[in-house]
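Notes follow the structure.
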Amino acid sequence: MASFITFEGIEGCGKTTQLRRLAERLTAAGIPFIVTREPGGCPIADEIRGILLDAKNSALVPEAELLLYAAARTQHVQEVVRPALAAGTHVLCDRFFDATVAYQGYGRGLDLQLIRQLNDIATGGLAPDLTILLDCPVETGLDRALARINATSGQREERFELESIEFHRRVRDGYLALAAAEPARFRIVDGNRVIEEIEDDLTTAVLPWLTGRHHGI
Ligand code: TMP
């Protein structure tokens with residue numbers, strides 16, 4: 001059976017780099033998978049991503065932001081994630097509904113119960129089999145994220161990186177609270193190490209799910 005694995009963490013935690021390296025290994029091993037991301041993953045959700053992450057949209061109110069994430073997720077789940085899983089293809093997703101709880105809930109202070117209800121509608125009840133939380137100190141993550149922005153200036157995907165350090169601390173605490181509440185689904189990987197060490201841990205956590213050797217959650 002195909003597995004649905006999500007990757008979460010604060011800005012600059014390294015998940016995108018790690019996902020790329022993992023994908024290279026899986027391709028070499030001949031394992032059928034897709035890599036996708038939220039917000040985005042299909043043309044309509046990518047357009048919503050453009051609105052959400054554009055630094056010029058500083059006037060976007062938290063409730064509208066929440067609904068846009070939910071809209072993008074609804075489209076992505078129905079157009080990409082569910083069909084892939086139904087076809088027996090593993091899905092590796094760079095962020096999913098935990099990001100909404102962490103960012104809009106813990107970060108922005110929106111009602112957690114409301115967010116969970118919206119997540120339920122958006123996913124139709126689909127939840128990840130495994131969620132990797134790549135954890136690192138907020139200062140480390142933001143330093144990396146700002147270095148990336150400087151290297152790729154012009155992309156304008158920086159609305160969240162411009163938030164206060166307190167915001168990012170709340171997001172990190174939110175993720176850690178989620179992981180503590182659902183230890184069977186989450187694996188916390190220490191992202192504050194050299195890339196190769198992180199990659200080894202992450203591969204060890206993920207591979208059993210992609211080769212049918214996991215023992216359930
Ligand atoms: P990315 O930089 O990892 O691609 O993620 C895009 C940004 O969107 C990141 O700052 C986190 C944020 N985000 C939310 O605030 N809520 C969500 O539900 C998702 C999926 C992402």
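Being a predicted model, the structure only gives us computed values, none of them experimental. As the structure lists them, so they are numbered: ligands from 1, and atoms in each ligand from 1.
- With sequence neighbours left out, the side chain to side chain contact (heavy atoms under 4.5 Å, CB included) criterion links Ala29 to Ile31.
- The contact set between ligand 1 and Thr100, taken as ligand atoms under 4.0 Å from a residue heavy atom, comprises 17 (C), 18 (O).
- Within the 4.0 Å heavy-atom criterion, the part of Leu53 lying near ligand 1 is the side chain and not the backbone.
- Taking the centre of each ring, Phe4 and Phe96 come in below the 6.0 Å mark.
- A salt bridge links Arg25 with Glu199: the distance from a Lys NZ or Arg NE/NH1/NH2 to an Asp or Glu carboxylate oxygen falls below 4.0 Å.
- A salt bridge is absent between Glu163 and Arg170; no separation between the charged side-chain nitrogens and carboxylate oxygens falls under 4.0 Å.
- Taking a cut-off of under 4.0 Å to the non-hydrogen atoms of Gln104, the atoms of ligand 1 that pass are 14 (C), 15 (O), 16 (N), 17 (C), 18 (O).
- Of the listed residues (Arg49, Glu163, Glu38), the one carrying the non-hydrogen atom nearest atom 4 (O) of ligand 1 is Arg49.
- Classification of Arg193 and Asp201 as a salt-bridged pair holds, one side-chain N sitting under 4.0 Å from a carboxylate O.
- Using 4.0 Å as the threshold, Arg37 has no heavy atom nearer than that to any atom of ligand 1.
- Close to ligand 1: Lys15, with a non-hydrogen atom less than 4.0 angstrom away.
- Taking every non-hydrogen atom of Arg73 and a distance limit under 4.0 Å, the qualifying atoms of ligand 1 come out as 18 (O), 20 (C).
- No salt bridge links Glu8 with Lys15; every basic N to acidic carboxylate O contact stays at or beyond 4.0 Å.
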